[in-house]
There are 2 protein chains.
Amino acid sequence: MSQHRPAGTPGRAGGVPALPDLPEATVARLPEYLRALHNLAETGDDTVSSEELATAAGVNSAKLRKDLSQLGSYGTRGVGYDVALLIDQIEFVLGLTQRRAVALVGVGNLGHALAGYAGFASRGFRIAALFDADPAQVGEEINGLVVQHIDDLPRVAAEESIAIGVIATPATAAQSVADQLVAAGVTSILNFAPCVLAVPDGVDVRKVDLAIELQILSFHEHRKSALTGLPAGAVASGPAASGAGTALTAPATGLTALPGGLAATGTTEATPAGPLRPSNAEAIGS
Amino acid sequence: MSQHRPAGTPGRAGGVPALPDLPEATVARLPEYLRALHNLAETGDDTVSSEELATAAGVNSAKLRKDLSQLGSYGTRGVGYDVALLIDQIEFVLGLTQRRAVALVGVGNLGHALAGYAGFASRGFRIAALFDADPAQVGEEINGLVVQHIDDLPRVAAEESIAIGVIATPATAAQSVADQLVAAGVTSILNFAPCVLAVPDGVDVRKVDLAIELQILSFHEHRKSALTGLPAGAVASGPAASGAGTALTAPATGLTALPGGLAATGTTEATPAGPLRPSNAEAIGS
DNA sequence: AGGTGTGAACCTTTTCACAGCT
DNA sequence: AGCTGTGAAAAGGTTCACACCT
């Protein structure tokens, strides 16, 4: 969201004891803690220390404790956190106490897979309807749901109280679909199409772009091979010429040969490859 | 990666003119710029201003300029950026001048969709091999590729120079698959399984968890309805009891009713819903 | 002893605002 | 006149280290 905060009204205001504004970074990690907690609960653990839970969630314990303290969370000093209690807390904060209805638009390749993804159901969501613009797809049954025409969206969205939409259409269709979702009352969108969506204020959009993830990895690959391959100068290949004008100086300017400092720009907390390997019954796929 | 930077060696060291350490936040945005640039190139634009490109990529222009300046990029004051040149620059930095070979493990529901995803091919990657542990799947042909048994990974990875692996297996199998990928020489992993992977130093992991994305949206939904629904006190529903001990005080403690300040914690730059709707020929799905 | 909660230091990222080039 | 490149300020996030509770 853009929404430059009105600059006043930070923490508490009236007499409400609320701790409102969870940092966005914390919000993004809570689901990971939740998953780890469910694993622990399955294996019968009653309490867990910040250290254990942190490892299971792939973060460090300081971060975890700070995150949980934001919830005003109830750990016990000297003991740890009550697993069941913490699950309830996080589920409450994330709004998962109700099973939320989701509309999925676009039942192509990826849409099909998403429609059949068991992880949504097991983690708080119910795919309530499938839509497509292609009449050839309409009527098909996937995983017990019949694909409906996108024009039926407003009616179905109202009937099913759908507030979250998933876009799995080609990029060309995505903006139009987003407009229709918003018109139908959807206020949160998960977008798998590789394009930027314009939406009104108050509507949240998250984007997942599969190719972008790979491109980020590619950067790190490039970086690593620049390090190991050629310790100093001598770049192997410049950019593949694609018809640009001026000579491509910048690549030659550097960026390829790194001096000394080793990459700190990484992506994951590379845990020490050992003990903990939380199993999880949830399957992606068939 | 963890890798606490050795604390010395920041920018340049020897005589190399390099500008090594791109900020990770910048790296994560470069692919988005690249996509936007390709759209512009298709529509015949030769140059683009930071303002235009920023809008097309869903960021603000200050951020874009800072990002591009990190590349030592060649914009022209008073004019803008040369589209073709910038494409080359970014592709070079991201290591996309070679088409990188990717191994995909797990051809279930999601794996199938990924194997058929055209966006990988069009954006710098070649799915070089498909693997599965299930003998029933082995031999199946998907999109022109025959599914091989995971045990063949080392051989194939060497033959095809595979450095990037994608995991689309159930969570239970993911760690073992990751180990096998690493053993086969893979140094970057994109993980779709809902679990944390332990990998050695020097291996990058990125994770995409579909349910987590929805849960983050759910939080914002929860937040919005807390705002509109009940301006002051009176929470409608506490957490669904799930067998915890102590009374669930914290939820009652607040978090539900927000005082004044409007949400700034959002997810997207909510662009003003208007002009620009970059079309893009890339399709997710069939 | 063991482990949470948290102020304070530190680092990264974003935003501002403007000098300086074309 | 227009637009990039960039220092400096502000905001946001992470890590440290320890007081304090059980």
Side-chain angles (χ1 to χ4, degrees), chain A residues 1-7 10-11 19 21-30 33 47-55 57-83 85-86 89 246 250 253 261 263-269, chain B residues 1-7 10-11 19 21-30 33 47-55 57-83 85-86 89 246 250 261 264-269:
Chain A
M1 292 215 249
S2 46
Q3 199 90 332
H4 278 221
R5 172 125 23 129
L19 56 127
D21 254 344
L22 282 260
E24 189 58 27
T26 297
V27 172
R29 280 186 298 261
L30 289 179
Y33 302 155
T47 63
V48 64
S49 73
S50 65
E51 199 68 56
E52 291 171 290
L53 182 52
T55 326
V59 302
N60 66 36
S61 63
K63 200 185 285 184
L64 178 109
R65 286 203 303 279
K66 187 136 270 179
D67 282 341
L68 293 187
S69 77
Q70 308 266 15
L71 315 183
S73 177
Y74 286 28
T76 314
R77 300 184 187 214
V79 179
Y81 300 92
D82 180 306
V83 172
L85 176 60
L86 202 45
Q89 285 235 343
T246 346
T253 313
T265 63
T267 316
T268 346
E269 201 72 45
Chain B
M1 295 209 255
S2 46
Q3 198 90 332
H4 277 221
R5 171 124 24 130
L19 58 126
D21 256 344
L22 282 260
E24 190 57 28
T26 296
V27 172
R29 280 186 299 261
L30 288 179
Y33 302 155
T47 63
V48 63
S49 72
S50 65
E51 198 68 57
E52 291 171 288
L53 182 52
T55 326
V59 302
N60 66 36
S61 63
K63 201 184 284 184
L64 178 111
R65 285 203 302 281
K66 184 128 280 174
D67 282 342
L68 294 187
S69 77
Q70 310 264 15
L71 315 183
S73 178
Y74 287 26
T76 313
R77 298 182 189 216
V79 179
Y81 299 91
D82 180 306
V83 172
L85 176 59
L86 202 45
Q89 286 235 344
T246 344
T265 64
T267 316
T268 348
E269 202 71 44

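The chains referred to below are lettered A, B, ... by the order of the sequence lines, with proteins before strands, and numbering in each begins at 1. Given the structure is predicted, the values throughout are model-derived calculations rather than measurements.
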Ignoring backbone atoms, test whether Ser50(B) places a side-chain nitrogen or oxygen under 4.0 Å from the OP1 or OP2 oxygen of dT4(D). yes
Ranking Val79(A) and Leu68(B) by the position along DNA chain D of their nearest nucleotide, the one closer to 5' is Leu68(B)
Passes side-chain contact (heavy atoms from CB on, under 4.5 Å), Leu71(A) versus Leu22(A)? Steps please. CA-CA 8 Å; Leu71(A) 315 183; Leu22(A) 282 260; 3.5 Å; yes
What is the distance, rounded to the nearest whole Å, between atom CD of Glu51(B) and atom P of dA17(C)? 15 Å
Once you round to the nearest 0.5 Å, how far does CG of Leu86(A) lie from OH of Tyr33(A)? 10.5 Å
Winner on side-chain proximity to Lys66(A), out of dG5(C), dT15(C), dT15(D), is dT15(D)
In whole angstrom, what separates Arg65(A)'s CZ from dC21(D)'s P? 16 Å
From the candidates dT14(C), dT15(D), dG5(D), the one with an atom nearest any side-chain atom of Arg29(B) is dT14(C)
Strictly below 4.0 Å: does Lys63(A) bring a side-chain N or O up to OP1 or OP2 of dT15(D)? yes
Return the value, rounded to whole Å, for the distance between atom CG of Leu22(B) and atom P of dT13(C). 11 Å
From CG of Leu53(B) over to P of dG5(D), roughly how many Å is that when rounded to an integer? 12 Å
Nucleotide nearest Asn60(A) (side chain, heavy atoms from C-beta), chosen from dT13(C), dG5(C), dT15(D): dT15(D)
side-chain N/O Tyr81(A) vs dG5(C) OP1/OP2, d < 4.0 Å: yes
Report the residue (Ser49(A) or Thr76(B)) whose heavy-atom-nearest nucleotide on DNA chain C is the more 5′ of the two. Ser49(A)
Rounding to a whole Å, what distance do you find between Leu86(B):CG and dT4(D):P? 11 Å
So, taking the atom named CD in Gln70(B) and the one named CZ in Arg65(B), what distance separates them when rounded to the nearest 0.5 Å? 13.5 Å
Report the distance from atom NZ of Lys66(B) to atom CG of Leu68(B), rounding to the nearest 0.5 Å. 12.5 Å
Let me confirm one number: the CG-OG1 distance from Asp21(A) to Thr26(A), rounded to the nearest 0.5 Å. 11.0 Å
Under 3.5 Å, is there an N or O donor on one side and an acceptor on the other linking the side chain of Arg77(A) and the base of dT4(C)? yes
From CG of Asp21(B) across to P of dC11(C) the rounded distance in Å is 14 Å
Length of the line joining Glu24(B):CD and dG13(D):P, which is rounded to integer Å: 16 Å
Separation of Tyr74(B) atom OH from dC21(C) atom P, in whole Å? 16 Å
